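The structure appears right after this line, and notes come after that.
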Amino acid sequence: RVAITAARLQGLEQDLGLTTVQYDTILAILYVTYCPAQVPSNMILSYISRPSLFIGACVVAWGLTSAMTGVTTNFKGIMVCRVFIGLPEAAFYPGIMYLLSRWYTKRELAVRAAWFYCGLLISNAFGSLIAAGILAKMQGVLGLAAWRWLFYIEGAITMFFGFLTMWLLPDFPHNTRWLDAAERRLAQVRLAEDAGEADKDSDNLTIFDGLLMAIKDPKTIVFMFMTCSQLLGLSYLNFFPTLTATLGFGTTVTLLMSAPPWVFASICCVLGAWHADRSGERFFHIAGWWWVVIIGYIISLSTMATGGRYLSLFLMATGYCGFALTLAWVANAIPRPPAKRSVAMGLVNGFGNLGNLMGSYVWNPSWGPQYHQSMIITLCSLVLSTALGLLMRWILIKENKHMDMEEKKLLEGPGRERIEEAARLEGIT
């Protein structure tokens, strides 16, 4: 998805005859399929028995489509490729996050989500390094432009890992092939003890019941708009090499300088998620990184000095440390039944990526190299996402207090004897 931003530095626009608006459109069009496809994808995922095959096949499909981008010769061709990249990619991020929520407890999920998301952050770093080598050394090889080789090579690597995914990725706790019966039972009991109920759907729950339950829950709606505003605020991702180029260096140096901020963000992501799991807190561990990005925007708005601008890129990259925990927060806040959780995660991430679609038109080249207007828009968007996050925090605090009161009534009411008897039978006090 992001390779196109590096290819832009080495003549993609000129070779395909793209205007500025057309380039912005090929960035945005991916989200036209990527966003709506996430809900049905996660609905399917919650009802099939082998998510490893489903997700692996989708990875192979988008790797193949990405590689095909290298053969395009005009605006129409690259538009078709971008449309079809969005469809298989829609299954990946929300699907993996849902799968993680089927294996890990509330206090384990955030750090696992962070390690997973580090793959994206590290790919931004190494993708820039790989792009720097390909774009610098492969121009004219076999008569092809270097940016075409970039899509061929990165697409082939993606397909290779897609096939590995089919073999290595676990399915659900009850049917993973390479676990024995005792291990599968342990995996299921851990989640049941964490939530106080089995992590499975009732027999009479249909694939559409989860959709209706998720839509009717106001928490889903708040999360959807919070994530949309957040990703608009972080939409610099698709323009990161372009922003690095404003420092005034050549293509190769620009791509090399694009890597360290993402390495730094990866380290921050894991450390922040580790502390989030240790403390059990979510809002400040997510919104805190948005505030760091706001500081980065303020620095960039204040100076064009190379040192200050490069520092701001490091601060901006950390914004995705917060996004990495967003679906973990959704899974914690909307835990049961799994069908509802699955659809809620698809809705939140799908609708949220409309922020990236809008962001494709925010970073207008005519506003460069300062990009002050772009940064003001995205800064305000992060302020809005902070307000929505605070609203979600208030809703959850209110719900938790209500559940505590209900539990207290149950323990002190006529049902106490039944609970004590059940505890005695289970051998607990």
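A quick note: this is a predicted structure, and the numbers were derived from the prediction, not measured.
- For Tyr310, the OH atom is densely surrounded, since the number of other residues' heavy atoms within 6.0 Å is greater than 12.
- Looking at every heavy atom in both residues, Val293 comes nearest to Met316 through CG2-O, 3.6 Å.
- The CD1 atom of Ile298 lies 14.0 Å from the OG1 atom of Thr303; values are rounded to the nearest 0.5 Å.
- Between Arg282 and Asp277 there is a salt bridge, with a side-chain nitrogen of the basic residue lying less than 4.0 Å from a carboxylate oxygen of the acidic one.
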Report, one line per pair, each donor and acceptor closer than 3.5 Å where one atom sits in a side chain of residues 252-266; sequence neighbours left out.
unit_1: Thr254; atom_1: OG1; unit_2: Phe249; atom_2: O; d: 3.2
unit_1: Thr254; atom_1: OG1; unit_2: Gly250; atom_2: O; d: 2.8
unit_1: Ser258; atom_1: OG; unit_2: Thr244; atom_2: OG1; d: 3.2
unit_1: Ser258; atom_1: OG; unit_2: Thr254; atom_2: O; d: 2.9
unit_1: Ser266; atom_1: OG; unit_2: Trp262; atom_2: O; d: 2.8

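- Considering CG of Leu234 and OG of Ser385, their distance stands at 7.5 Å, rounded to 0.5 Å.
- Taking each heavy atom of Gln230 and Leu382 in turn, the nearest pair found is O-CD2, 3.8 Å.
- A heavy-atom distance below 4.5 Å is not found between the side chains of Phe239 and Val362.
- The closest side-chain heavy-atom distance from Thr65 to Thr69 is not below 4.5 Å.
- Remark: Arg341 fails to qualify as a cation-pi partner of Tyr98 under the 6.0 Å distance and 45° angle criteria applied to the six-membered ring.
- Cys269 and Ala324 make their closest contact through SG-CB, 3.7 Å (heavy atoms, listed as atom of the first residue, atom of the second, distance).
- Ring pair Phe283/Trp329 is tilted by interplanar angle, where 30° to 60° counts as tilted.
- Put simply, the side chain of Ser52 does not reach to within 4.5 Å of the side chain of Trp167, judged on heavy atoms.
- Between the side chain of Glu399 and the backbone N or O of Leu396, no donor-acceptor pair lies under 3.5 Å.
- Between Leu99 and Leu169, some side-chain heavy-atom pair lies under the 4.5 Å cut-off.
- A perpendicular orientation is assigned to the rings of Trp149 and Tyr152, their planes being inclined by more than 60° (bins at 30° and 60°).
- Side-chain contact between Ile4 and Arg82: present, with at least one pair of heavy atoms (C-beta onward) separated by less than 4.5 Å.
- Distance check: Leu100 CG to Leu327 CG gives 10.5 Å after rounding to the nearest 0.5 Å.
- Checking side-chain atoms of Asp180 against main-chain N and O of Glu183 turns up a donor-acceptor pair under 3.5 Å.
- We find the CG-OG distance between Asn175 and Ser49 to be 6.0 Å, quoted to the nearest 0.5 Å.
- The closest side-chain heavy-atom distance from Ser279 to His285 is below 4.5 Å.
- Rounding to the nearest 0.5 Å places CE of Met226 at 9.5 Å from CG of Leu231.
- For the side-chain hydrogen bond (donor to acceptor under 3.5 Å, both in side chains) condition, the pairs that include at least one residue of residues 365-374, sequence neighbours left out, are Asn364-Ser366.
- Within a 6.0 Å sphere centred on OH of Tyr361, other residues, nucleotides and ligands contribute more than 12 heavy atoms.
- Separation of the Trp62 and Phe92 ring centroids falls under the 6.0 Å cut-off.
- Using a 4.5 Å heavy-atom cutoff, the side chains of Tyr34 and Asn349 are in contact.
- Taking the centre of each ring, Tyr117 and Tyr93 come in below the 6.0 Å mark.
- Thr386 is linked by a side chain to side chain donor-acceptor pair (under 3.5 Å) to Trp291, counting only residues two or more places apart in sequence or in another chain.
- Pairing each heavy atom of Pro170 with each of Trp103, the nearest pair is CB-CZ2, 3.9 Å.
- The shortest distance between side-chain heavy atoms of Phe84 and Thr33 does not fall below 4.5 Å.
- Between the CE atom in Met345 and the CG atom in Leu45 there is a gap of 10.0 Å [rounded to 0.5 Å].
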